Amino acid sequence: MTESRYDRRLFLRATAASGAALAIGGATAPAAQAAAPGAATAPAPAGAAGPAADAVQAAAVPGGFPDYRYVRTLLTPSKLKYNPTGEIIFPCIRGTAGRIANPLGRYYLYYGPHDAPGGICLAYGDSLEGPFTEYPANPLVANVWSPHYSVSHVASPHVMWNESAKEMWLYFHGENTTTRLARSKDGINFTYDKVVLTTSMLPAGSTETSYARVFPHELPARGAHYVMVFMLNNTTNHRDICWGWSADGRNWTFDQQPLVRHSDVGAVNIGGPHLVYRNNSTYVVYNKDKSSGGDLMITEVGNDFSKRSHLGVFYDSRSTAPENGRSASPSFGTDGGVPYMIYEAGERLAGSIAMARG
């Protein structure tokens with residue numbers, strides 16, 4: 001950690017007030033906080049970690065956010081029944097209380113392999129600490145769904161609780177050019193809806209529009225109630241974070257300029273974006289590629305997405321297992337007032353799903 005980075009964290013800690021904690025279910029706008037199940041009201045005590053890791057990560061956290069520290073691995077590919085490729089990515093944690101009748105557990109953890117054939121998978125448990133049990137009939141969604149599509153793979157599940165529809169809405173990609181939507185009352189049996197994003201909706205030369213996450217977020221000036229953040233690649237082969245907005249979560253308008261560019265933060269590629277709300281403002285947390293540091297970064301975009309304040313490292317990846325210098329694709333929630341981060345740990349396509357506690 002350089003002295004300048006450490007000094008910047010001290011400044012952020014001194015100037016940013018603590019806000020409401022992250023909510024299981026994806027709500028980010030101020031109006032969504034009170035209704036979000038499991039929402040915490042203050043940072044909770046930190047979990048156990050080695051002194052050296054604690055010192056590094058404490059220095060890396062912008063003011064008002066928890067000091068997340070790795071606690072344990074939740075899912076490892078080799079221990080899963082459905083394991084076609086020996087890899088899993090992109091966790092998404094969702095609470096079921098008050099949403100699903102007779103759920104398998106208090107929490108549903110969505111994930112899946114990326115490489116062909118991929119598949120949208122589910123594990124369930126009663127605590128964000130684990131353990132999580134693999135759903136025996138994975139995958140919930142496969143790479144062939146007649147008559148809607150037949151692709152090489154489907155991956156990157158993001159499930160949003162849609163309060164108005166009383167449904168779990170699943171956004172996933174397949175191929176890397178296309179993001180789709182499916183809907184479910186029970187979080188297990190999904191009905192196909194439509195394509196919501198393709199490369200044709202972004203500037204010429206776009207080659208990938210994937211790894212999308214969608215959140216309830218009010219943008220009155222745009223008549224929008226939802227925001228999507230996703231990864232964009234183009235012919236330069238440098239990945240950026242882009243965004244869009246929607247009145248209904250199905251039909252979208254996309255900004256033709258990146259929300260965060262890889263060059264803004266000195267990376268070759270950035271991806272795995274997730275919105276968080278704190279300090280009466282909105283932020284996007286995302287990962288750098290391993291060659292660029294492999295850390296989770298944070299940028300303040302403001303509640304109307306007009307701000308671009310790059311705050312640096314949000315979570316400093318450890319060099320030891322299971323992270324091995326790379327953390328990615330975070331999903332956030334609280335349990336009993338304690339904040340948690342569920343994320344990819346390890347080399348891309350050779351890692352596991354891990355849990356950190358704040």
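Given the structure is predicted, the values throughout are model-derived calculations rather than measurements.
A salt bridge is defined here as a Lys NZ or Arg NE, NH1 or NH2 lying under 4.0 Å from an Asp or Glu carboxylate O, and K81 with E134 fails to meet this definition.
The backbone N or O of F254 lies less than 3.5 Å from a partner atom in the side chain of Q256, making a donor-acceptor pair.
The distance between the ring centers of H173 and H158 does not fall below 6.0 angstrom. Proximity of the aromatic rings of F215 and Y277 is defined here by a centroid distance below 6.0 angstrom, and this criterion is not met. Aromatic ring centres of Y286 and H274 lie farther apart than the 6.0 Å criterion allows.
For K79, there are no salt bridge (charged side-chain N to carboxylate O under 4.0 Å, His left out) partners, not counting sequence neighbours. Shown here are the salt bridge (charged side-chain N to carboxylate O under 4.0 Å, His left out) partners of R183, two or more places apart in sequence or in another chain: E167, D193. Every residue was checked against the side chain to side chain donor-acceptor pair (under 3.5 Å) condition with W245, not counting sequence neighbours, and none meets it. Partners of R72 under the salt bridge (charged side-chain N to carboxylate O under 4.0 Å, His left out) rule, at least two apart in sequence or in another chain, are E129. Looking at residues two or more places apart in sequence or on another chain, you find a side chain to side chain donor-acceptor pair (under 3.5 Å) between D248 and S246, N251. A search for salt bridge (charged side-chain N to carboxylate O under 4.0 Å, His left out) contacts involving R180 returns nothing, not counting sequence neighbours. Taking S150 as the reference, nothing meets the side chain to side chain donor-acceptor pair (under 3.5 Å) condition, with sequence neighbours excluded. With sequence neighbours left out, E87 forms a side chain to side chain donor-acceptor pair (under 3.5 Å) with T85.
A donor and an acceptor atom, one from each side chain of S78 and T76, are nowhere located under 3.5 Å apart. A donor and an acceptor atom, one from each side chain of N303 and T282, are located under 3.5 Å apart. No side-chain donor-acceptor contact under 3.5 Å links Y315 and N287. At a cut-off of 3.5 Å, with distance as the only test, no side-chain donor of Y108 or Y135 sits close to an acceptor on the other residue. Residues S327 and S317 have side chains that bring a donor and an acceptor to within less than 3.5 angstrom of each other. Between the side chains of Y149 and S146, no donor-acceptor pair is found at a separation under 3.5 Å.
Rounding to the nearest 0.5 angstrom, the gap separating the OG1 atom in T253 from the CG atom in L219 is 11.0 Å.
When all heavy atoms of R239 and N269 are compared, the closest pair comes out as N-OD1, 2.8 Å.
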List, one per line, each side-chain donor-acceptor pair under 3.5 Å for residues 115-123, sequence neighbours excluded.
none

Donor-acceptor contacts under 3.5 Å from residues 221-230 side chains, at least two apart:
unit_1 : atom_1 : unit_2 : atom_2 : d
H225   : ND1    : E218   : OE1    : 2.9
H225   : ND1    : E218   : OE2    : 3.2
Y226   : OH     : N162   : ND2    : 3.3

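Taking the six-membered ring where tryptophan is involved, the planes of F314 and Y68 are tilted, since the angle between them lies from 30° to 60°. The aromatic rings of Y171 and W252 lie perpendicular to each other, with more than 60° between the two planes, well past the 30° mark. Ring geometry for F90 against Y211 counts as tilted: the plane angle lies between 30° and 60°, on a 0 to 90° scale. Note on ring orientation: taking the six-membered ring where Trp is involved, the planes of F305 and H217 are perpendicular (angle over 60°, cut-offs 30° and 60°).
Residue Y82 is found outside any hydrophobic cluster, as its side-chain heavy atoms come under 4.5 Å of no other Ile, Leu, Val, Met, Phe, Trp or Tyr.
Sorted by first and then second residue, the side chain to side chain donor-acceptor pair (under 3.5 Å) pairs with a member in residues 117-128 form an empty list; sequence neighbours excluded.
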